[in-house]
Amino acid sequence: MKTCIGRILIAGSMVFSCMASVLHAGDYEEYSCSSGNYFSGCVARGKASPWNFGGHIETGLYVNEYGQKNTYNGAGTPYGPDVYSGNTVALQNVHQSDWQFNQGWVYLEKELSGRNSLELGGRVDYVYGTDARYLQSAGLEYDAGHGHWGSGDYYSALAQAYGEVGYGKLSVKMGKFITPLGCDAIVSTDRFFYSLSKNFGLLPVTHTGALATVKFNRHLSVYGGWTNGEGQFFETSRDNALLAGFEYKFNPCTKVGYGMMKGWDEYNFDGEYFVHSLYFSHKFGRWNYTADWALRNMNADNNVNSYGGYGIGNSLYYTINDKWALGFRAEWRHDYNDAYFGSDYDGYGFTFGANWLPYCWLLIRPEIRYDSYHGTPIGPFNLAKSNFAEPKGDQLSGGFSVVVKF
């Protein structure tokens with residue numbers, strides 16, 4: 001097996017962790033449910049400098065059976081704001097109907113080595129594309145008086161900007177950083193499928209604050225700290241939240257993790273909220289299975305109205321050879337919203353995809369997806385095209401993306 005390509009499949013699809021111990025005998029591979037890197041096999045081990053600079057670009061095409069266009073807001077309709085907006089929110093991707101430039105991503109970081117001495121590090125990430133909408137923070141990339149960094153479909157963001165201090169097994173990052181919660185990564189090089197999971201929409205994307213992590217041993221790591229909520233950059237003083245969790249690796253093949261966030265949001269809905277995620281992953285032979293549970297409960301308008309959701313995701317991956325892998329995802333999510341016309345519905349999704357890695361720097365991933373929604377209101381699809389006259393409760397869609405690492 002070619003080590004470079006094999007290592008890419010191991011981390012990129014989050015399913016090949018046991019094979020890593022074969023490729024590098026005696027090395028207990030560090031891997032995470034939320035951030036495996038497709039291209040980790042191309043990074044030289046034992047490099048002299050702790051400084052890293054790189055990035056990637058991703059572009060792709062997605063189509064659907066109705067020719068439904070992208071819509072961002074359903075305000076003023078029985079579908080509520082951003083609850084039912086067709087291929088944008090219902091499928092989680094920002095731009096789900098045509099060709100798009102998802103991510104142009106660059107980063108600079110200084111890693112901590114974990115030595116028993118005081119170390120300083122940090123990281124800055126900049127992204128441009130349709131996915132940057134998820135990574136913008138109130139008070140930094142936009143605010144009520146000055147608009148956003150970007151317009152229409154395309155935006156830019158400082159996805160991360162934090163300093164880090166460490167001593168041995170303890171490290172603390174301070175600034176803006178991507179959430180440690182969940183099993184689906186916003187960074188396109190860190191997930192198997194092109195489209196995002198339904199549980200992705202229940203969890204935060206970025207935080208600003210301080211987060212401490214302790215790696216007690218090769219099995220257990222625990223994190224906890226204070227943040228200014230989610231998607232905010234010190235916009236208001238009352239948006240305080242506790243962020244905490246752990247990950248336990250029984251062995252290189254089996255792990256479990258849990259994370260939660262609890263706080264008060266004044267900027268968006270003026271109420272308290274609780275978010276958590278739980279996941280389990282196990283590798284057996286060429287197969288890997290991952291299950292994840294996510295939940296969000298919010299009490300808006302000073303705790304008068306409540307809304308949120310919860311869901312279960314199941315992913316199964318299979319390694320064909322050193323260039324190809326297949327993946328299947330089955331998921332369910334329930335949403336409720338007392339504040340907007342009493343909406344209450346279930347969404348089901350089934351995705352089949354493949355990863356083709358012809359070179360260390362190139363990934364191509366096609367997929368096909370079927371989604372079905374049941375409840376009140378009905379039919380999130382075909383809304384914009386039919387002007388809400390002919391809503392559809394299910395939809396077949398599919399596409400592919402190309403990711404280039406540099």
Side-chain angles (χ1 to χ4, degrees), residues 1 5-23 29 31-38 40 91-93 181-203 247-258 277-294 310-334 346-357 363-372 396-401 403:
M1 175 182 292
I5 298 297
R7 291 283 293 154
I8 295 172
L9 279 172
I10 293 164
S13 62
M14 302 178 291
V15 303
F16 310 116
S17 53
C18 284
M19 191 180 296
S21 62
V22 175
L23 293 173
E29 181 68 14
Y31 65 104
S32 170
C33 177
S34 59
S35 60
N37 192 324
Y38 282 121
S40 63
L91 301 186
Q92 294 310 317
N93 288 27
L181 303 182
C183 272
D184 211 358
I186 183 61
V187 187
S188 62
T189 55
D190 287 355
R191 66 178 189 266
F192 186 91
F193 294 102
Y194 180 24
S195 65
L196 294 161
S197 67
K198 295 184 183 299
N199 278 348
F200 175 84
L202 294 173
L203 301 174
E247 182 174 77
Y248 188 84
K249 302 178 178 72
F250 296 92
N251 52 56
C253 300
T254 308
K255 60 175 179 170
V256 63
Y258 175 80
S277 68
L278 173 69
Y279 60 82
F280 168 82
S281 181
H282 179 66
K283 170 79 168 64
F284 46 103
R286 291 177 176 265
W287 296 89
N288 178 278
Y289 170 71
T290 298
D292 65 290
W293 159 267
Y310 44 87
I312 297 174
N314 296 274
S315 299
L316 184 65
Y317 305 94
Y318 179 74
T319 309
I320 299 176
N321 53 40
D322 59 356
K323 293 186 178 181
W324 284 93
L326 300 177
F328 176 73
R329 179 176 64 196
E331 49 188 338
W332 160 75
R333 172 174 158 180
H334 178 80
D346 294 278
Y348 303 88
F350 304 92
T351 308
F352 177 77
N355 279 192
W356 178 37
L357 292 146
L363 168 71
I364 300 173
R365 49 184 183 189
E367 71 173 53
I368 187 169
R369 175 171 177 162
Y370 173 76
D371 290 88
S372 179
L396 183 66
S397 59
F400 70 93
S401 72
V403 183

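Legend: residues meeting ring pair (Phe, Tyr, Trp, His ring centres under 6.0 Å) with Phe350, ordered by chain and number and at least two apart, are absent. Judged as a side chain to side chain donor-acceptor pair (under 3.5 Å), and not counting sequence neighbours, the contacts of Thr351 are Arg329.
Under a 3.5 Å cut-off, the side chain of Arg286 and the backbone N or O of Ile320 do form a donor-acceptor pair. Within the 3.5 Å criterion, the main-chain N or O of Ala185 finds no donor-acceptor partner in the side chain of Asp190. Listed for the Glu367 side chain is a donor-acceptor partner under 3.5 Å among the backbone atoms of Tyr194. Panel note: side chain Glu331, backbone Gly311; no donor-acceptor pair is recorded below 3.5 Å.
Tyr289 and Asn314 share a side-chain donor-acceptor pair at under 3.5 Å. No hydrogens or angles considered: a donor-acceptor pair under 3.5 Å links the side chains of Ser401 and Arg365. At a cut-off of 3.5 Å, with distance as the only test, a side-chain donor of Asn199 or Asp292 sits close to an acceptor on the other residue.
Between Glu247 and Lys249, at least one side-chain N (NZ, or NE/NH1/NH2) sits under 4.0 Å from a carboxylate O, which counts as a salt bridge.
Atom CG of Asn355 is separated from atom OG1 of Thr319 by 10.0 Å, given to the nearest 0.5 angstrom. Distance check: Lys323 NZ to Leu357 CG gives 10.0 Å after rounding to the nearest 0.5 Å. Leu396 contributes atom CG, which lies 12.0 Å from atom OG of Ser372 (distance to the nearest 0.5 angstrom). Expressed to the nearest 0.5 Å, how far OG of Ser277 lies from CG of Asp184 amounts to 11.5 Å. Taking CD1 of Ile312 as the start and CH2 of Trp293 as the end, the distance is 5.5 Å to the nearest 0.5 Å.
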TODO: Run the numbers on Leu316 and Trp287 for side-chain contact (heavy atoms from CB on, under 4.5 Å), then give the verdict.
DONE: CA-CA 7 Å; Leu316 184 65; Trp287 296 89; 3.7 Å; yes
Task: Audit row: Tyr310, Trp332, side-chain contact (heavy atoms from CB on, under 4.5 Å) steps and yes/no - done: CA-CA 9 Å; Tyr310 44 87; Trp332 160 75; 3.5 Å; yes
Open item on the list: Does Arg369 form a side chain to side chain donor-acceptor pair (under 3.5 Å) with Ser397? I'd like the steps, not just the answer.
Closed with: CA-CA 5 Å; Arg369 175 171 177 162; Ser397 59; 5.3 Å; no
TODO: Kindly determine whether Asp371 and Lys198 satisfy side-chain contact (heavy atoms from CB on, under 4.5 Å), including the steps that lead there.
DONE: CA-CA 10 Å; Asp371 290 88; Lys198 295 184 183 299; 2.8 Å; yes
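You'll find the side chain of Tyr317 reaches within 4.5 Å of the side chain of Phe192, heavy atoms only.
Between His282 and the choices Thr290, Val256, Asn251, Thr254, the side-chain contact (heavy atoms from CB on, under 4.5 Å) rule is met once, by Thr254.
Using the six-membered ring where Trp is involved, Trp324 and Trp356 have ring planes that are parallel, under 30° apart on the 30 and 60° scheme.
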